[in-house]
Protein chains: 2
Amino acid sequence: MSVEFAPLVMEPAYRKVAVTIGARILSRALREGERLPSETELARQFAVNRSTVREALRELESRGLVQRRAGSKLMSVSRPQHEDVAEGVSNALLLHDVTVRDVWEALSILEPPLARAAARARTAPDLKCVSAAAAVFSAERNDSEQAVHRVAEFFRCLGRATHNPVLGLAQEPLLQLLEPSLRVMIDKIPQAPGRIVTAQRRLLEALEARDGEAAHAWMTRHIRDFSRGYELAGIKLEMRVTSRPTALKTRARA
Amino acid sequence: MSVEFAPLVMEPAYRKVAVTIGARILSRALREGERLPSETELARQFAVNRSTVREALRELESRGLVQRRAGSKLMSVSRPQHEDVAEGVSNALLLHDVTVRDVWEALSILEPPLARAAARARTAPDLKCVSAAAAVFSAERNDSEQAVHRVAEFFRCLGRATHNPVLGLAQEPLLQLLEPSLRVMIDKIPQAPGRIVTAQRRLLEALEARDGEAAHAWMTRHIRDFSRGYELAGIKLEMRVTSRPTALKTRARA
DNA sequence: GTGACCTGTTTGTCCGACAATCATACGATC
DNA sequence: GATCGTATGATTGTCGGACAAACAGGTCAC
């Protein structure tokens, strides 16, 4: 017998309520889209005050497990959207002093195999998505504000084309963290958009041909180009990634 | 001028409060460890009711941006811990019908380059961490409940050894999702622990020698072994990953 | 069919209250 | 001097009740 005692954890009621509801959702006893009872009703069922229920709902809401549908008052169960989840990851990484090099290294590891997987698994609609994203970037290449979003959109389509949610979600935080430095690069390096357009076209061709290796190769070059761009733009790789201005933004409800 | 109007977003007060405090933290105006004012004081400053402040705090708390230190009442600013963030990601993926194959594919993409990076960037303490984790797994290899945790711990040490927070955080959700199927595998395949011990030893040797390519190669085999293990254990790759029983658990405060 | 009007429900926010816990200081005891 | 007990004030967790605004649904006139 040990003389040591484990510190005993006192769980506040609002947390227990959140965990209980959350477990129901994760176990799929509550299905997506299903409406939650009203706050008053939940308070009655859990035998706690409505304020306590509300604190629990805020927690579930911020995890994306529940959501208010547009124009509705009742909360409904929802699957966390990629961007919401990724925002949490991005924020965590920002506070952990992530450098541009760290993000770039992760991209250079993840993206080429992701492109290969996309080339192999892509369907016709995926192709359309990728090609549309490439076209829009090409059109808006000079507005750096828009351009970075289009680049991210291109990658996102690629991620979807893998039909592997893990890969799609894994790259999302990287895209978010990439934005600020990419914007600077596009602003400072006149030839950057052109090189991106080329890479996107080659990648699209590889996807059309279902040529995984070509996609891998072109993505490798594409990512390596980024690091060259950083150099030319005078962005130090050891620089900390800066917070996006839109961080912790309000989620738009569709 | 367009005739269309954008749907106007009404932001509740609790959300504005959360966003405001969150932005302060992300911009590092509030530094880690710093104490937040009391709820009453925050309510006074924002000119809202304490209940409103509390709802905002629940949101920040669930994002890991604030935390109550053990045995303290006042909230203090904190950096989100990897495991907390990863839990959100895991839950999101669970609800997005992720299959064993999806997780395995992501592991096979991420882990070999991660091992290579670890072999190149590792320091002496990292080595100790990895070697300790390997030793503990070897000792507890027969208790499948413990064993899966030790496997995850081994990977975590590897992730830390890369000195790239992005990589460490990227693999965390994978480790969490891997657990259930890995437990089944260890239970059903007698020779599985032995193969894992071997792989871990080889990886450790590669790290000691700073041999990135060897680490990459051995990790590739290690991950491929998993898929063979799944086959032997009769785990269908198309099976949905099941929820961990500890999901949404209370965070233990150190 | 359209619009006006009413009614009950639900949320967002507020106010006030109280017990339990924590921080701190001050003695009392050994 | 170190440990313990106690008093005091601050803070949190939870509660009860309250009310305006927004929404859902029905009814009714036109």
Side-chain angles (χ1 to χ4, degrees), chain A residues 3 5-22 30 33-62 64-78 250-254, chain B residues 5-22 30 33-78 250-254:
Chain A
V3 203
F5 291 97
L8 53 87
V9 285
M10 293 285 288
E11 240 190 346
Y14 64 78
R15 177 148 270 282
K16 281 189 185 171
V17 172
V19 170
T20 307
I21 300 180
L30 289 170
E34 206 163 334
R35 289 218 192 142
L36 248 53
S38 75
E39 297 175 352
T40 317
E41 174 60 16
L42 285 173
R44 193 191 62 74
Q45 291 183 20
F46 284 106
V48 298
N49 193 277
R50 191 161 77 97
S51 310
T52 306
V53 169
R54 284 180 64 82
E55 293 186 39
L57 287 179
R58 291 299 89 77
E59 180 164 337
L60 294 170
E61 193 181 24
S62 94
L65 291 177
V66 303
Q67 210 182 20
R68 220 179 330 285
R69 268 184 301 203
S72 170
K73 293 188 95 78
L74 282 152
M75 292 283 217
S76 58
V77 177
S78 68
T250 308
R251 287 179 284 272
R253 319 216 186 280
Chain B
F5 292 98
L8 53 89
V9 285
M10 293 288 288
E11 241 189 346
Y14 64 79
R15 176 149 271 281
K16 281 190 186 170
V17 171
V19 170
T20 308
I21 300 180
L30 288 170
E34 206 163 334
R35 288 211 191 149
L36 248 53
S38 74
E39 296 175 353
T40 316
E41 173 61 16
L42 286 172
R44 194 191 61 73
Q45 291 183 21
F46 284 105
V48 297
N49 193 274
R50 191 162 77 96
S51 309
T52 306
V53 169
R54 284 179 64 83
E55 293 187 38
L57 287 179
R58 291 300 86 80
E59 181 163 336
L60 294 169
E61 192 183 23
S62 94
R63 294 183 186 231
L65 291 177
V66 304
Q67 210 182 22
R68 222 179 328 286
R69 269 184 299 203
S72 171
K73 292 189 97 77
L74 282 151
M75 292 282 216
S76 58
V77 177
S78 67
T250 309
R251 288 178 284 272
R253 318 215 187 281

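Below, chain A is the first sequence line, B the second, and so on; all start at residue 1. Keep in mind the model is a prediction, meaning the values are calculated, not measured.
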Picking from [options], which would you name as closest to the side chain of [X]?
X	options	value
B:Ala13	C:dT10, C:dT13, D:dT11	C:dT13
B:Thr40	D:dT14, C:dT13, D:dT12	D:dT12
A:Ser38	C:dT13, C:dT10, D:dG13	C:dT10

Considering all heavy atoms, the nearest B:Val17-B:Phe46 contact: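 Smallest interatomic distance, heavy atoms only, reads CG1-CE1, 3.9 Å.
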What heavy-atom pair brings B:Ser78 and B:Gly64 nearest, and what distance separates the two atoms?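 Of all heavy-atom pairs spanning B:Ser78 and B:Gly64, the closest is OG-O, 2.9 Å.
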For B:Pro37 and A:Ala47, take the nucleotide of DNA chain D holding the closest heavy atom to each; which residue's nucleotide lies nearer the 5' end?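 Closest to the 5' end, via its nearest nucleotide, is B:Pro37.
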So that I can tick it off, tell me whether B:Glu61 and B:Arg58 are bridged by a salt bridge, with the cut-off set at under 4.0 angstrom between side-chain N and carboxylate O.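 A salt bridge is present here (some side-chain N lies under 4.0 Å from a carboxylate O).
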Please report, rounded to the nearest Å, how far the [atom2] atom of [N] is from the [atom1] atom of [X].
X	N	atom1	atom2	answer
A:Arg44	D:dC15	CZ	P	15 Å
B:Arg68	D:dG13	CZ	C1'	9 Å
B:Leu42	D:dA10	CG	P	17 Å
B:Glu55	D:dT14	CD	C1'	14 Å
A:Met10	D:dG13	CE	P	11 Å
A:Glu41	C:dT11	CD	P	11 Å
A:Arg54	D:dT14	CZ	P	16 Å
B:Glu11	D:dA21	CD	P	20 Å

State which residues pass side-chain contact (heavy atoms from CB on, under 4.5 Å) with A:Ser38; sequence neighbours excluded, sorted by chain then number.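 A:Ser38: side-chain contact (heavy atoms from CB on, under 4.5 Å) contacts with A:Thr40, A:Glu41, A:Leu74.
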Just to verify, what does B:Arg35 make a salt bridge (Lys or Arg N to Asp or Glu O under 4.0 Å) with, not counting sequence neighbours?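 With sequence neighbours excluded, B:Arg35 shows a salt bridge (Lys or Arg N to Asp or Glu O under 4.0 Å) to no residue whatsoever.
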Atom pairs under 3.5 Å: protein N/O with N/O of nucleotides 16-19 of chain D:
unit_1, atom_1, unit_2, atom_2, d
D:dG16, N7, A:Asn49, ND2, 3.0
D:dA18, N6, A:Arg50, NH2, 3.3

Pair B:Ser51, A:Ser51: side-chain N/O donor-acceptor within cut-off below 3.5 Å: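 Side-chain D/A pair, B:Ser51 to A:Ser51: absent.
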Please determine whether salt bridge (Lys or Arg N to Asp or Glu O under 4.0 Å) holds for the pair B:Lys16 and B:Glu11, giving the CA-CA distance in whole Å, both sets of side-chain angles, and the decisive distance to 0.1 Å. CA-CA 7 Å; B:Lys16 281 190 186 170; B:Glu11 241 189 346; 5.3 Å; no
